[in-house]
Amino acid sequence: MYTLSLLLLTLFSLYIGVFAFFRWDASFLRNMNHAPVQALFILAFAVLLAAALLLLRRLLNRLSERNLKRAALLLFLILGLGQLLFLAAIRPVLRYDPLKIFDMAVEMLRTHTISGTYETGYFARYTNNYPLTILTYWFLRILSGLGVPETAFMTAVQLVNILCILASVWIGYLLMKELRGRQNAVFFLGVCALCPLSYVWAGYFYTANCSMPFLMGILYLWIRIRKKLTAPEPAGLLGFVTVFGFKLRATAAIALIAALIDGALLLWRRRKEGMAGLLGEALRTLAIPCLTFALTAALSLGFFSTAVKTYVNFDYKNTGFPAIHWIMMSARWDGAFDQNDENYTVSFETKEEKEAADLAVLKQRVREAGPLGLVTLAGRKLLNTWVDGTDTYQAENSYARYGKLYDYLLGYKSGFLTIYAQAFRALQLLVIGLASFSAWRKLRRREKMPGLFLVQLTLLGGMAFHLLWETNPLYSIGFTYLCLMLLADGLTEFAKALPEYTLSGRLWLAPAAGTVLLALLLVLAKKELVDTPIEASDYAIDQYQYAGGYDGCVISYDQTYTQTFTTDKPFNRISIRAVNTVGDYNQSAFCVRLTDDQGQVVYENDRFLSGLVTRSALYEFQLGEILPDGPTTYTFEIWPGYIEGENSLEFLSYNTGNCDLYPGGTLTVAGEEQPKGDLAFAVYEYRVTTYFSLKQYLVLCAGMMAMAIGITLLSWKKGV
């Protein structure tokens, strides 16, 4: 089992790690966006990153126990402050599924129940989100009782999210200290502090982050239990942590499965002592911990069951998606979400019908794929979940405070940060794979057991789970700090082996080569990033989310939409989200007017044809350049000029009445103001520009080259 697990982790990790060199979004490189250039960029960054981490590891070797404790505290503070600064500076707004959970929790402050009809039956289908929704509701209820205004609720849950991330990091530190010593644990914190993913998820309040400390906690508690099997306290806490983690996100249970396998393997290793005696000893020593675990787990399960019965007043047995739905949906192409598959499952009324229909489709897809097709499907699914070093954090942070900092961290100028994040992922997977292979070889030679086998087994479980389940780059978030633990440990083992494998202490030549390669790539990229024009949109507002009660197509000439917004940024475009169900032959027409806070008309369109709206795509109005003189409130009006029958449009909005996604404006429909409602719209300045000005590019290049040369010189000076 040890060797099989390590071989599989080696195979999966190296496979993903190799593809990580060229399977990333390098579109900002324009004509240089092809595999060789992508791979070289990642190679240069990865080599320099590895050298920097090895330097950090060597620095920690010189610290006393007291200074290691200080370094741990300093690094932990850096992580916490970095996340708080990201949240304060960028101000990301919850989107998609996290927003639905938050919005429902706010609604529950009035209704005290989860709605089965919310957002076309979202909570009727996704029953797995009940626990986090209920916990969020309880938290907001406490805040409301303390007099905290609703406008601060989203920030409050994002602060809870930061606490979950920091708790995960701290538990990872404790795990490393237990298994590998304080020095390695502090190095793990250093790796976390240098990883961009430690900061960019600060505002992402969802199950992936909220369940993470429970997943990490299961592993830590198991290590504590292994040390003293008769102690009931860790076992009791383990039952609570396991159930809470599983209820927040099912993947947390993978850690418990890994712990159980680890325990069974420990017994198997001692089999020469006599299995009968060992089993008897295990039963005696584990009796009290198992009873304690079972009791706390049962109480926790009862707690959640009671909560769901209290707050879910509809029968979700037949509306909820069965587990087979996600397995069926994942058995196509790369295993990602597919709206057609969701519509298919929804079309059946009962749970039994859904299960039978999904199972039939799954069997058909397996037959059509065949053995070779299933292997290639598994490969695509591995890549879809694990290969993207950003885990798509740009999309999840896409509605935020727009400005220069946003552009460089998340916007159209964030290409080099993307390269850094991708290099981190490539290095991480390669180190994990090579370290697993090294551990396998040592096991075969009977030299020693792998020190972090429990962590390796849990990560392997996460990879294996998503070979069966739906895939998405977001789904690897929960395993972030397990991966960073293995990266830190692998680099430590590599550092110990350096004297044996280096050529007369000349490993500094690697970062030197990386520096030269980076310089060459930056020179070549100058044409694409400085000299080549691009089309860019500088957003003032991008409220593109839509949910709530839909009015359907406009059927009355009195149905006027009025959206106000305030901005001090120049703009020349306004776009809206509308639905055209007829297509190119839609003959209806609507009129548009934009006025400023003085009532002056700054844009007017006699009428635009509905046939120009493509299904539900954005529709853009081209304005002249508008330069506000300070913060100015504008009024954007849409009213029907001609409608008849199906020849009309449906204008989308975020109109649940719970969460005001754009507090800077109001929406009025047919003369009636919509509480906390806004159109799905955007205001921005379209312009032809370049990614960077020459000055900006030179500053960026100078900064990167200074760091690269500094790493090289320090590597040479320290004899790395």
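Every heavy atom of this structure was used, including side-chain atoms; hydrogens, water molecules and symmetry mates were not.
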Calculate, to the nearest 0.5 Å, the distance between atoms [atom1] and [atom2] belonging to [X] and [Y] respectively.
X: Thr319; Y: Arg125; atom1: OG1; atom2: CZ; result: 9.5 Å
X: Lys381; Y: Met463; atom1: NZ; atom2: CE; result: 14.5 Å
X: Tyr311; Y: His112; atom1: OH; atom2: NE2; result: 8.5 Å
X: Ile477; Y: Trp201; atom1: CD1; atom2: CH2; result: 4.0 Å
X: Leu94; Y: Gln545; atom1: CG; atom2: CD; result: 10.0 Å
X: Leu474; Y: Tyr96; atom1: CG; atom2: OH; result: 10.0 Å

Does atom CD of Gln339 have more than 12 heavy-atom neighbours from other groups under 6.0 Å away?
yes
Could you check whether atom OH of Tyr206 has more than 12 heavy atoms from other residues, nucleotides or ligands sitting under 6.0 Å from it?
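More than 12 within 6.0 Å, yes.
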Kindly indicate whether the side chain of [X], heavy atoms from C-beta on, has any atom under 4.5 Å from the side chain of [Y].
X: Leu661; Y: Arg95; result: yes
X: Leu362; Y: Ile324; result: yes
X: Leu11; Y: Leu7; result: no
X: Thr136; Y: Val157; result: yes
X: Leu109; Y: Phe153; result: yes
X: Tyr118; Y: Asp103; result: yes
X: Leu79; Y: Leu166; result: yes
X: Asp97; Y: Ile101; result: no

Angle class for the Tyr126/Trp326 ring planes (parallel below 30°, perpendicular above 60°, tilted otherwise)?
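If you compare the ring of Tyr126 with that of Trp326, the planes turn out tilted.
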Relative to the ring of Phe314, is the ring of Tyr316 parallel (under 30°), tilted (30 to 60°) or perpendicular (over 60°)?
perpendicular
Any chance you could lay out the ring pair (Phe, Tyr, Trp, His ring centres under 6.0 Å) test for Phe304 and Phe244, step after step, and finish with the verdict?
CA-CA 9 Å; Phe304 277 109; Phe244 264 70; 4.7 Å; yes
Backbone N or O of [Y] within a donor-acceptor pair of the [X] side chain at under 3.5 Å?
X: Glu178; Y: Arg224; answer: no
X: Thr296; Y: Gly236; answer: yes
X: Thr350; Y: Glu353; answer: yes
X: Asn397; Y: Val200; answer: yes
X: Ser330; Y: Ile327; answer: yes
X: Thr385; Y: Leu382; answer: no
X: Asn209; Y: Asn161; answer: no
X: Thr242; Y: Leu238; answer: yes
X: Ser305; Y: Gly302; answer: no
X: Asn384; Y: Arg380; answer: no

Would Met328 and Tyr344 count as a side-chain contact (heavy atoms from CB on, under 4.5 Å) if you check the C-alpha gap in whole Å, the side-chain angles of each, and the deciding distance to 0.1 Å?
CA-CA 11 Å; Met328 175 273 291; Tyr344 174 78; 4.3 Å; yes
Kindly indicate, with the supporting measurements, whether the criterion ring pair (Phe, Tyr, Trp, His ring centres under 6.0 Å) is fulfilled by Trp138 and Phe303.
CA-CA 14 Å; Trp138 285 341; Phe303 168 82; 5.6 Å; yes
Would you please test Leu256 and Trp222 for side-chain contact (heavy atoms from CB on, under 4.5 Å) and show each step?
CA-CA 8 Å; Leu256 180 66; Trp222 171 246; over 6 Å; no
Name the residue from Leu174, Leu454, Leu179, Leu457 that meets the side-chain contact (heavy atoms from CB on, under 4.5 Å) definition with Leu219.
Leu454
Residue among Val387, Leu430, Leu197, Ile16 satisfying side-chain contact (heavy atoms from CB on, under 4.5 Å) with Arg425:
Leu197
Smallest separation among heavy atoms of [X] and [Y], with atom names:
X: Gly462; Y: Phe479; value: CA-CZ, 3.6 Å
X: Val169; Y: Cys192; value: CG1-SG, 4.3 Å
X: Val191; Y: Ala488; value: CG2-CB, 4.0 Å
X: Lys100; Y: Phe123; value: O-CZ, 3.6 Å
X: Pro289; Y: Ala235; value: O-CB, 3.3 Å
X: Glu107; Y: Asn658; value: OE1-ND2, 3.0 Å

In terms of side-chain heavy atoms, does Ser211 have a donor or acceptor partner in Arg249 at a distance below 3.5 Å?
no
Donor + acceptor pair across side chains of Thr117, Ser115 (<3.5 Å):
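Yes, Ser115 and Thr117 have a side-chain donor paired with an acceptor closer than 3.5 Å.
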Test salt bridge (Lys or Arg N to Asp or Glu O under 4.0 Å) on Lys363 and Asp358 and set out the steps.
CA-CA 9 Å; Lys363 289 179 178 179; Asp358 287 345; over 6 Å; no
What verdict does the ring pair (Phe, Tyr, Trp, His ring centres under 6.0 Å) test give for Tyr173 and Phe188, after you've listed the backbone C-alpha separation in whole Å, the side-chain angles of each residue and the deciding distance to 0.1 Å?
CA-CA 7 Å; Tyr173 169 77; Phe188 160 71; 7.8 Å; no
Glu349/Lys354 ion pair, N-O < 4.0 Å:
no
In plain terms, say whether Asp341 and Arg365 are close enough for a salt bridge, that is, a side-chain N and a carboxylate O under 4.0 Å apart.
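The answer is yes: the pair qualifies as a salt bridge.
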side-chain contact (heavy atoms from CB on, under 4.5 Å) assessment of Met485 paired with Met216
CA-CA 11 Å; Met485 288 174 67; Met216 305 285 286; 3.9 Å; yes
Any chance the rings of Phe102 and Phe205 have centres within less than 6.0 Å?
no
Centroid-centroid under 6.0 Å between Tyr475 and His466 rings
yes
Working note: Asp388 + Arg23, criterion salt bridge (Lys or Arg N to Asp or Glu O under 4.0 Å); need CA distance, chi angles, decisive distance, verdict.
CA-CA 7 Å; Asp388 185 353; Arg23 283 286 296 267; over 6 Å; no
Does the side-chain contact (heavy atoms from CB on, under 4.5 Å) test come out yes or no for Arg182 and Val186, once each step is laid out?
CA-CA 6 Å; Arg182 188 183 301 277; Val186 177; 4.1 Å; yes
